Amino acid sequence: MIRIYKEKDYEAMSRRAANVIAAEIIRKPDCVLGLATGTSPLGLYSELATLNAEGRVDFAGVTTYNLDEYYPIDPANDQSYRYFMNKNLFNNVNVDMDKTHVLFGQAPDWKAECAQYDAEIEALGGIDLQLLGIGVDGHIGFNEPAEVLDPLTHLTDLTEDTIRANSRFFESEADVPRHALTMGIGSILSARRIMLIATGEAKAKAIATVLSGKLTTACPASMLNLHSDVTILCDRAAVSLCDEATIAALS
Ligand code: GLP
């Protein structure tokens with residue numbers, strides 16, 4: 001079941017999303033969080049750092065697993081998702097670095113890396129709250145639109161659209177890695193709760209497809225309709241292609 005909450009802008013959405021994560025940590029101080037990269041979570045990560053600095057949320061017992069990582073990439077590269085997470089969240093809160101996990105972009109054996117990632121998450125009892133952004137083409141993590149989708153953590157090829165979209169962070173399009181390691185759709189759906197954040201008109205088509213309630217591998221995020229506890233937090237632009245009645249029914 002999907003619920004959607006429309007906030008007036010990015011700041012309001014980020015505050016609300018940070019409060020959801022903070023509430024989860026307060027409810028379960030040793031919770032396992034699934035985390036995401038991209039520009040969408042930047043505001044909420046900075047809100048969480050503020051809440052942590054004010055002593056309102058304590059990350060000491062929290063374990064984190066990130067959705068995805070480019071492959072191959074050196075974790076020290078400033079475009080790696082490990083670097084992103086350290087810079088934008090982990091270095092700014094009192095999380096135990098040993099409890100933060102990002103798929104290793106230089107794993108010599110990617111299959112073993114993926115299998116170990118899934119096994120570790122399972123051994124910990126699964127992810128309590130999974131944060132997601134959404135790609136313009138409806139991808140979640142790096143699960144791109146395709147004829148078939150992978151259930152578990154795997155190596156994937158990035159689509160031309162994603163390479164183009166993500167090239168804004170690199171010096172040139174040629175520098176964007178062509179592959180990534182990503183949790184699969186099944187790994188994502190195994191989380192107890194899921195929160196997806198989306199802002200801006202570019203996401204409106206993908207969000208409308210998700211809210212249609214149908215499943216299609218052409219929009220991997222539509223698979224979230226299989227889950228019993230999904231919250232979408234968005235701004236007005238991200239739901240500009242959805243009618244008010246649909247939004248009201250899901251709020
Ligand atoms: C990347 C990430 C996704 C993210 C998406 C959207 O491709 N792998 O996890 O959700 O981009 O990014 P943004 O939030 O910058 O729009």
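Read the numbers this way: they start at 1 and go in the same order the structure lists the ligands and their atoms. Only a predicted model underlies this, so the values are computations on that prediction, with no experimental measurement involved.
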Novice: Take the angle between the ring planes of Phe84 and Tyr81 and call it parallel below 30°, perpendicular above 60°, tilted in between.
Specialist: perpendicular
Novice: Going by side-chain hydrogen bond (donor to acceptor under 3.5 Å, both in side chains), name the residues that satisfy it together with Asn86, two or more places apart in sequence or in a different chain.
Specialist: Arg82
Novice: Which residue pairs pass the ring-ring contact (aromatic ring centres under 6.0 Å, His included) test with at least one member in residues 147-176, sequence neighbours excluded?
Specialist: Tyr70-Phe170
Novice: Mind checking what makes salt bridge (Lys or Arg N to Asp or Glu O under 4.0 Å) contact with Asp161, not counting sequence neighbours?
Specialist: Arg164
Novice: Quickly, which of Leu131, Ile2, Ile134, Ile4 forms a side chain to side chain contact (heavy atoms under 4.5 Å, CB included) with Leu196? Name it, please.
Specialist: Ile134
Novice: N or O contacts of ligand 1 with protein under 3.5 Å, please list pair by pair.
Specialist:
{"unit_1": "ligand 1", "atom_1": "7 (O)", "unit_2": "His139", "atom_2": "NE2", "d": "2.9"}
{"unit_1": "ligand 1", "atom_1": "7 (O)", "unit_2": "Asn166", "atom_2": "ND2", "d": "3.4"}
{"unit_1": "ligand 1", "atom_1": "8 (N)", "unit_2": "Asp68", "atom_2": "OD2", "d": "2.8"}
{"unit_1": "ligand 1", "atom_1": "8 (N)", "unit_2": "Gly141", "atom_2": "O", "d": "3.2"}
{"unit_1": "ligand 1", "atom_1": "10 (O)", "unit_2": "Ile134", "atom_2": "N", "d": "3.3"}
{"unit_1": "ligand 1", "atom_1": "14 (O)", "unit_2": "Thr39", "atom_2": "N", "d": "3.3"}
{"unit_1": "ligand 1", "atom_1": "14 (O)", "unit_2": "Ser40", "atom_2": "N", "d": "3.0"}
{"unit_1": "ligand 1", "atom_1": "14 (O)", "unit_2": "Ser40", "atom_2": "OG", "d": "2.5"}
{"unit_1": "ligand 1", "atom_1": "15 (O)", "unit_2": "Thr39", "atom_2": "N", "d": "2.8"}
{"unit_1": "ligand 1", "atom_1": "15 (O)", "unit_2": "Thr39", "atom_2": "OG1", "d": "2.7"}
{"unit_1": "ligand 1", "atom_1": "15 (O)", "unit_2": "Arg168", "atom_2": "NH2", "d": "3.0"}
{"unit_1": "ligand 1", "atom_1": "16 (O)", "unit_2": "Lys203", "atom_2": "NZ", "d": "2.6"}

Novice: To the closest 0.5 Å, what do you measure between OG1 (Thr199) and CD (Glu11)?
Specialist: 9.5 Å
